[in-house]
Structures are given as structure tokens and as C-alpha cells.
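Only one structure is covered here, and it is reproduced in the block below.
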Amino acid sequence: MATTVNFINYVCEQLEGIGSIRYRKMFGEYMVYVNDKPVVLVCDNIVFVKKLDIIEEQMKNAETAIPYKGAKEHYVLDIDNSEFSKKIVSELEKITKIPKKKTASKNL
């Protein structure tokens, strides 16, 4: 089951106020960017964040799952708890780098 547009819009609404929020469809699912940094992955209407030390204590009781085949285990973020979600996503945004722009390769 792919993520619905209504759900991805809900996720973005829940994160309003922590920075510039946008999403991008990728391989049938979505990446949510905060201040142009890829912070939240949404697959099958489930919100995932990477398992990183900076949020380990806050997420110790969170469910974990693998968002797609071949991915590492992630925390499942309770997006219905807007204040908690904003806190976690804000922490992750601080340490996430803006991806470098890919340049087109030239055939010689």
C-alpha cells in the first residue's frame, strides 16, 4: 500500500512551525525535507526516522521497522503526537546535512 497524498499532507501539517517543510515523491513513497534536509521518510502511511544516537533516549519506547526492502531498521514516529514529533524532527534536522546537488555526467 503506497502512501496517500492526504497522509503526506497531514504529516507536513503536523510538523508546521519547525522550519520550511516540503516533500518529494521518491520511488512511490515520500521524503519529507525540513529546511532542505531529508529528515523524515514516509512509506505505506507510516512515518520513519533514522535510528541515531541523538534521539535514542527519547525514542527508546518507540516501535521500530524497516521502511522498504533493503533499508536499515528505523524508528516509527508517532506523527499524531505533533509536539513530540516536532521535537524529534528538530533534533534530527540540526545534524542532517543538505544533500549535494547532482551534476549530469557528460559522455565523452
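All values derive from a computational prediction rather than experimental measurement.
- Under the 4.5 Å side-chain criterion, counting only non-hydrogen atoms from C-beta, V42 is in contact with V32.
- Annotation: K51, atom NZ; neighbour count of heavy atoms from other residues, nucleotides and ligands within 6.0 Å is above 12.
- Formation of a donor-acceptor pair under 3.5 Å by the K37 side chain with backbone atoms of E93 is found in this model.
- Rounding to the nearest 0.5 Å gives a distance of 12.0 Å between CG of N35 and NZ of K94.
- A continuous path of Ile, Leu, Val, Met, Phe, Trp and Tyr side chains, each step under 4.5 Å between heavy atoms, connects F84 with V39, placing both in one hydrophobic cluster.
- Counting heavy atoms of neighbouring residues, nucleotides and ligands inside a 6.0 Å radius, atom CD of E73 exceeds 12 of them.
- Judged by distance alone, with hydrogens and angles left aside, the side-chain atoms of K50 form no donor-acceptor pair with the main-chain N or O of H74 at under 3.5 Å.
- I8 and Y68 are assigned to two separate hydrophobic clusters, defined by single-linkage of ILVMFWY side chains at heavy-atom distances under 4.5 Å.
- Here the side chain of D36 pairs no donor or acceptor atom with the backbone of I98 at under 3.5 angstrom.
- Using a 4.5 Å heavy-atom threshold, the side chains of Q58 and Y75 count as separate.
- In this model, a donor atom of one side chain and an acceptor atom of the other lie less than 3.5 Å apart for D80 and Y10.
- Checked options I88, I95, L77; the residue passing with I55 is I88 (criterion: side chain to side chain contact (heavy atoms under 4.5 Å, CB included)).
- In this structure, the side chain of Q14 engages the main chain of I79 through a donor-acceptor pair within 3.5 Å.
- Taking 4.5 Å as the limit, every side-chain heavy atom of Y33 sits out of range of all side-chain heavy atoms of V40.
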Exercise for review: Using the side-chain contact (heavy atoms from CB on, under 4.5 Å) rule, take V89 and V34 through it: C-alpha gap first, then chi angles, then the decisive distance, then the call.
Suggested key: CA-CA 8 Å; V89 172; V34 180; 3.6 Å; yes
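- A donor-acceptor contact under 3.5 angstrom links the side chains of E29 and T3, judged on distance only.
- If you chain together hydrophobic residues whose side chains sit under 4.5 Å apart, I18 and V11 fall into the same group.
- At a threshold of 4.5 Å between non-hydrogen side-chain atoms, the residues L41 and V49 do not count as touching.
- A donor-acceptor pair under 3.5 Å is formed between the side chain of N45 and the backbone N or O of T4.
- A donor-acceptor pair under 3.5 Å is absent between the side-chain atoms of T96 and the main chain of P38, judged by distance alone.
- Among residues two or more places apart in sequence or in another chain, the ring pair (Phe, Tyr, Trp, His ring centres under 6.0 Å) test is passed with F48 by none.
- Under a hydrophobic clustering in which Ile, Leu, Val, Met, Phe, Trp and Tyr are joined whenever their side-chain heavy atoms come within less than 4.5 Å, directly or via other members, V47 and M31 fall into different clusters.
- One hydrophobic cluster holds both I46 and M26 under the rule that ILVMFWY side chains link at heavy-atom gaps under 4.5 Å.
- Counting only distance, with no hydrogens or angles, the side chain of S85 and the backbone of D78 share a donor-acceptor pair below 3.5 Å.
- Considering only heavy atoms from C-beta on, V5 comes within 4.5 Å of Y30 through its side chain.
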